[in-house]
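First the structure, in the form of structure tokens, and then the observations on it.
For ligands, and for the atoms within them, numbers begin at 1 and follow the listed sequence. For clarity, every value in this text was computed on a predicted model and none was experimentally measured.
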Amino acid sequence: MLSMTELVLASHNAGKLKELQAMLGGSVRIRSIGEFSEVEPEETGLSFVENAILKARNAARVSGLPALADDSGLAVDALGGAPGIYSARYADGKGDAANNAKLLEALKDVPERERTAQFVCCLALVRHADDPLPILCEGLWQGRILFEARGAHGFGYDPLFWVPDADGSSAELAPEEKNRISHRARAMALLKQRLGL
Ligand code: IMP
């Protein structure tokens, strides 16, 4: 089992750090990569797992600490997994509303039963920059893409993502409920198990 008292998170997002710290408890202190570098590595991988590993290695390199990175997005089956690793910039960086409009347009002729999709979260943890055995934890959240937006919570593709168990979109879930069942929650639960926490 991997034991450590400190790790660096390969993200400048303070909210993510807080969420993760709460989940991991007090035995591991999570530090932000912002303490060590402002430069973000180019995400040149073709998959979530490749990009998560690449970001974790970079964070370990600049900090000298074990490093954790996450990469997440939406994979739509009828689109061969798109927008996938390009989820954040699907509509060329024009933001969430444009991303959602582009997705609805791409699926306009696709019937309900073929609109299956999953949110994906891939976590990679490396002990050092050249670690040959990263810990990888993947969380998938299965759902379907709606024909129009519903709900006001969340971010990104939440208003278009229909959650079968909740019979509503993920933007209609209370934030605590989403954080309990989402792709990120699933990946983080696996990571906790792997770390024996
Ligand atoms: P990030 O790598 O976690 O910043 O997420 C990449 C992109 O995937 C986001 O900008 C969103 O477009 C999409 N995404 C990831 N997770 C979620 C989610 O929980 N809800 C909605 N969209 C998400």
Show me the side-chain donor-acceptor pairs of residues 140-147 shorter than 3.5 Å, one per line, residues at least two apart or across chains.
from	atom 1	to	atom 2	distance (Å)
Gln142	NE2	Gln118	OE1	3.4
Arg144	NH2	Glu112	OE2	2.9

What pairs meet the side chain to side chain donor-acceptor pair (under 3.5 Å) rule with one or both residues in residues 88-105, with sequence neighbours excluded?
Glu105-Lys108
Going by salt bridge (Lys or Arg N to Asp or Glu O under 4.0 Å), name the residues that satisfy it together with Glu50, two or more places apart in sequence or in a different chain.
none
Looking at Glu35, I want to see if its CD is surrounded by more than 12 non-hydrogen atoms of other residues, nucleotides or ligands under 6.0 Å.
yes
Distances for all N or O pairs of ligand 1 and the protein under 3.5 Å?
from	atom 1	to	atom 2	distance (Å)
ligand 1	2 (O)	Ser72	OG	3.4
ligand 1	3 (O)	Lys16	NZ	3.2
ligand 1	3 (O)	Ser72	OG	2.5
ligand 1	5 (O)	Ser72	OG	3.1
ligand 1	16 (N)	His183	NE2	3.1
ligand 1	16 (N)	Arg184	NH2	3.4
ligand 1	19 (O)	Lys178	NZ	2.7
ligand 1	19 (O)	His183	NE2	3.4
ligand 1	19 (O)	Arg184	NH2	2.9
ligand 1	20 (N)	Asp158	OD1	2.9
ligand 1	20 (N)	Asp158	OD2	3.3
ligand 1	20 (N)	Lys178	NZ	3.4
ligand 1	22 (N)	Tyr157	N	3.2

Please test Lys178 against Asp158 for salt bridge (Lys or Arg N to Asp or Glu O under 4.0 Å), starting from the C-alpha separation and ending with a verdict.
CA-CA 10 Å; Lys178 182 187 165 194; Asp158 280 329; 2.9 Å; yes
Whether the side chain of Arg115 engages the backbone of Leu107 through a donor-acceptor N/O pair (distance < 3.5 Å, no angle test) should be reported.
yes
